[in-house]
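Residue numbering restarts at 1 for every chain, and letters A, B, ... go by the order of the sequence lines.
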Number of protein chains: 2
Amino acid sequence: MAIHPTDGAGHTGRDVPPATVARLPGYLRALDALTEDGVVTTSSEELAERAGVNPAQLRKDLSFLGSYGRRGVGYEVAHLSEQVGVVLGLATLRRVVIVGIGNLGHALANYSGFADRGFAVVALVDAAPAVVGTTVAGLVVEPLDRLTAIVEGRGVSIGVIATPAAGAQDVCDALVEAGVVGILTFAPRALRVPDHVDVRAVDVASELQILAFHDARRTATGA
Amino acid sequence: MAIHPTDGAGHTGRDVPPATVARLPGYLRALDALTEDGVVTTSSEELAERAGVNPAQLRKDLSFLGSYGRRGVGYEVAHLSEQVGVVLGLATLRRVVIVGIGNLGHALANYSGFADRGFAVVALVDAAPAVVGTTVAGLVVEPLDRLTAIVEGRGVSIGVIATPAAGAQDVCDALVEAGVVGILTFAPRALRVPDHVDVRAVDVASELQILAFHDARRTATGA
DNA sequence: TAGATTGTTAATCGATTAACAATC
DNA sequence: TAGATTGTTAATCGATTAACAATC
């Protein structure tokens, strides 16, 4: 039996290349900025400029989603924005749990960027008894041993790991076991997950080291 | 006149592919973890497993840096770690300014991952009068109009932008103008910089949207 | 010498870019 | 019709992976 993806107006969803998917949020931001500026219709040149990419790449990326422009005219900002949102699945509310309520966990819990984009932080979890029971961003921090019950009971599909490296793999395993399908980790270490789970890793120290590399080259070559 | 890079034991530095550079910090972390576990010699298989990459890829990456293994034996952890550190230019202390001391800026200022890797946060800067003058992580927050003087006067080479999207490009321009060569931004928008400046962008909302995409596919295809 | 594992080559794969025919 | 701009094709480029000769 062949699988029939839920196929709307565009030929949405089927094999969009990873590199394209990674750029879609940037296009969405650029479209939002255009909307705020009152721009109704845009071109691949203008939109690409705003998103910081090549116009050819933008058109190619959008072509994977469907045909949402008009030749000789351009793209209608509101319509394209909606379509990109559909592809990213932003119509559905996704419930998020944040594990590790240190400095970073605090900042994340208070970050408005979640709610703005259809993500609801439904629980905060920490291992330290001193932190459990405190209120952060309007939520009471819960103990680590409740993690499984929280994920299963509240329909959490995405877990954010903001713990030290040492505990991260255990937290990850617990999240996966409980049924989370996406993980965003800030812990500085590689995480092992089954194929069906998606991991995105943000590592500030690594980013700085990459910058340091280029700085060092510059110095060494005397630029 | 041909340019001669400062060339040490290995043929370090010249044209290391960007994709390889981006993985080096992960190798360094994996090597540190091995050191902590008391492992003296490792193989491409073991190290790759720890770093979450393919062994062939690891060997290829390392081959761009030089020849730091022994056939039939493997890699000496301490030596390889040192060499990767050299390539990343971690021997040199790099001075960092953080602009935007909100929740995230706070967390970054208190993040120990900077100092651990040879980065010194030498100044915190914010636009809001209410924040200026307060002490965060042992540093007094300074006003935005001092940014240029700070960068020039204290030898800052890397700027971290943790402001809202609206102010980010202006801050970026000021940093570049003052002589910063690397920028790490957390602001959700594309930044325009001259070619000689390196930008790394971390965007939590984008990461979540990418996770949402995969979650949506999974749901749509009935997995 | 036999066994192990690197460093490198060659093959594959995916991503980017330029060019242009289709079409508004 | 003339001008503009998309969507797509084809060419280029870079990254990944497998395989293996070199060598410890």
TODO: If D:dA22 has a Watson-Crick or G-U wobble mate with both distances under 3.5 Å, name it; if not, just say none.
DONE: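 Because both required distances fall under 3.5 Å, D:dA22 counts as paired with C:dT5.
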Who pairs with D:dT16 - Watson-Crick or G-U, where each distance is under 3.5 Å: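 Looking at the geometry, D:dT16 pairs with C:dA11.
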Can a donor-acceptor pair be found, under 3.5 Å and without considering hydrogens, that links the side chain of [X] to the backbone of [Y]?
| X | Y | answer |
| --- | --- | --- |
| A:Arg94 | A:Gly89 | yes |
| B:Arg192 | A:Glu49 | yes |
| B:Arg29 | A:Ser206 | no |
| B:Arg154 | B:Arg95 | no |
| A:Ser63 | A:Lys60 | yes |

Taking only heavy atoms on the protein side, list every residue of residues 35-44 of chain B lying under 4.0 Å from any atom of DNA chain D, sorted numerically.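 Residues of residues 35-44 of chain B under 4.0 Å from DNA chain D: none.
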Going 5' to 3' through nucleotides 14-21 of chain D and flagging B where a protein heavy-atom sits under 4.0 Å of the base, S where only the sugar-phosphate is that close, and - otherwise, we get -SSBBB-B
[N] [atom2] sits how many Å from [X] [atom1], rounded?
| X | N | atom1 | atom2 | value |
| --- | --- | --- | --- | --- |
| A:His79 | D:dT6 | NE2 | P | 15 Å |
| B:Leu80 | C:dT6 | CG | C1' | 12 Å |
| A:Leu65 | D:dT8 | CG | C1' | 15 Å |
| A:Leu58 | D:dT5 | CG | P | 14 Å |

Any Lys/Arg nitrogen of B:Arg50 or B:Asp37 sitting under 4.0 Å from an Asp/Glu carboxylate oxygen of the other?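 Answer for the salt bridge query: yes.
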Pick the closest DNA chain C nucleotide for B:Val73 and for A:Gly72 by heavy atoms, then say which residue is nearer the 5' end.
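Nearest-nucleotide comparison on DNA chain C picks B:Val73.
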Atom pair [atom1] ([X]) and [atom2] ([Y]), whose distance is rounded to the nearest 0.5 Å:
| X | Y | atom1 | atom2 | result |
| --- | --- | --- | --- | --- |
| B:Leu58 | B:Ser43 | CG | OG | 9.0 Å |
| B:Leu24 | B:Asp61 | CG | CG | 6.5 Å |
| A:Arg200 | A:Leu191 | CZ | CG | 13.5 Å |

Output yes when at least one side-chain N/O atom of A:Tyr75 is less than 4.0 Å from OP1 or OP2 of D:dA4, else no.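 Answer is no, no contact under 4.0 Å.
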